[in-house]
Protein chains: 2
Amino acid sequence: MTAPRALRATKQRAAVSDLLDRLADFRSAQEIHEELRRQGEGIGLTTVYRTLQTLADGGEVDVLRSAGGEAVYRRCESSAHHHHVVCRRCGAAEEIDAPMVESWAQEVAEKHGFSEISHTVEIFGVCRACT
Amino acid sequence: MTAPRALRATKQRAAVSDLLDRLADFRSAQEIHEELRRQGEGIGLTTVYRTLQTLADGGEVDVLRSAGGEAVYRRCESSAHHHHVVCRRCGAAEEIDAPMVESWAQEVAEKHGFSEISHTVEIFGVCRACT
DNA sequence: TGCGCCCATGATAGTGGTTTTCATCTAGGG
DNA sequence: CCCTAGATGAAAACCACTATCATGGGCGCA
Ligand SMILES: [Mn+2]
Ligand SMILES: [Mn+2]
Ligand SMILES: [Zn+2]
Ligand SMILES: [Zn+2]
């Protein structure tokens, strides 16, 4: 029996979580940190990174690598497995569910003798607002 | 009229290219550099990075981001657009072609009003040899 | 074969995102 | 309140990768 692992309620964690609720786009840790400082929140960059990591580990936020290679985070509507169409300019995203692609990935991998299968499927483009 | 842009034949470039011909797996620039040094090749890490970049720009090698986020390179059989099933342990890869996924990505993005569409689709797992 | 131009090389330093360290702070159970 | 394990954050380390720039060496030409 593993103990419940408290995880304390701090104003820093609340600030990050609240901001994620307000944002619709994928944002980097540094952007989130800047935005919080702009709002007058006292929070360190380290804590932002740590909090996002924790939220990601708990499946509360989605993480993906932007085209530039940096990690960007977003609180999605769906808590189930899904993918995204992401704007390369502003980070705006649409959640997409594609059972057909899921089964395709699984089948292809098994056919080649692979196990412990996972996959990355992301579509990038420029959203209507950014055009 | 742009000049043909020579691109000189050096032993360093030959060494990288030859090694890529011999390798079946996706490898990082650092791994390729180490392997070349092990073989007694006199080559700098900078040159390995530059050469791989040049080969990638010319479409001669495929690049993708490993699970750890670093760029890994491989000379593929097919020169046409394709994706991979990659072993997370050893980098072994199978090339896969999935027209159905290509059109699906295009349609989904258009449906949401995105333009200048691109996508990343990679399947990771553990290959038979690594199990 | 010998110049000489100019691209190629590579040691070194720099960049930028992310993680580690560790002294200090604080949430929250008793 | 008190105490303490967990949380914070400034500073430094880390790490993959890129930029610099002095030196080296393809290769076109005589
Ligand atoms: Mn999926
Ligand atoms: Mn494709
Ligand atoms: Zn946009
Ligand atoms: Zn393997």
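Since the model is a prediction, treat every value here as computed from it, not as a measurement. All heavy atoms count here, side chains included; hydrogens, waters and symmetry mates do not. Residue numbers start from 1 in every chain, and the chains themselves are labelled A, B, ... in the order their sequence lines are given, proteins ahead of strands.
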To the nearest angstrom, the NE2-P distance between B:His33 and C:dT9 comes to 13 Å
Can any side-chain N or O of A:Glu122 pair as donor or acceptor with the backbone N or O of A:His84 at less than 3.5 Å? yes
Whether A:Glu31 and A:Arg38 form a salt bridge (side-chain N of Lys/Arg under 4.0 Å from carboxylate O of Asp/Glu) is what I want to check. no
Give a yes-or-no answer on whether the side chains of B:His119 and B:Glu102 include a donor-acceptor pair shorter than 3.5 Å. yes
Using atom CZ of B:Arg13 as one end and atom C1' of C:dT9 as the other, report the distance to the nearest whole Å. 10 Å
Check for me, please, whether A:Leu20 and A:Phe26 land in the same ILVMFWY cluster - side-chain distances under 4.5 Å, paths through other members count. no
Separation of C:dG17 atom C1' from A:Arg27 atom CZ, nearest Å, is 18 Å
Can you measure B:Asp57 atom CG to D:dT18 atom P for me and round it to whole angstrom units? 11 Å
Whether each nucleotide of nucleotides 25-30 of chain D has a protein heavy atom under 4.0 Å at its base (B), only at its sugar-phosphate (S) or at neither (-) is summarised, 5' to 3', as BBS---
Return yes if a side-chain donor-acceptor contact under 3.5 Å exists between A:Ser118 and B:Arg88, otherwise no. yes
With a cut-off of less than 4.0 Å, is there a side-chain N or O of A:Gln12 near OP1 or OP2 of D:dG9? yes
Would you check if there is a donor-acceptor pair between the side chains of A:Gln106 and A:Glu110 at a distance under 3.5 Å? yes
Could you tell me how far apart B:Glu34 (CD) and D:dC15 (C1') are, to the nearest whole angstrom? 14 Å
Quick check: does any side chain N or O of B:Arg89 sit under 3.5 Å from a backbone N or O of B:Cys127, one acting as donor and the other as acceptor? no
Distance-only donor-acceptor check, side chains B:His81 and B:Asp97, under 3.5 Å: no
Students often get this wrong, so: under 4.0 angstrom with heavy atoms, is B:Ala71 touching a base, only sugar-phosphate, or nothing? sugar-phosphate
OP1, OP2 of C:dG16 versus side-chain N and O of A:Gln30: anything below 4.0 Å? no
Donor-acceptor side-chain pairing of A:Thr120 and A:Arg65 below 3.5 angstrom: no
Only one of A:Glu35, A:Arg75, A:Glu41 passes side-chain contact (heavy atoms from CB on, under 4.5 Å) with A:Leu19, and that residue is A:Glu35
At a heavy-atom distance below 4.0 Å, what parts of residues 36-52 of chain B sit against DNA chain D? B:Thr46, B:Tyr49
Under 3.5 Å, is there a donor on one side chain and an acceptor on the other for B:Glu107 and B:His112? no
Contacts to DNA chain D from residues 61-70 of chain B, heavy-atom cutoff under 4.0 Å, which residues? B:Arg65, B:Glu70
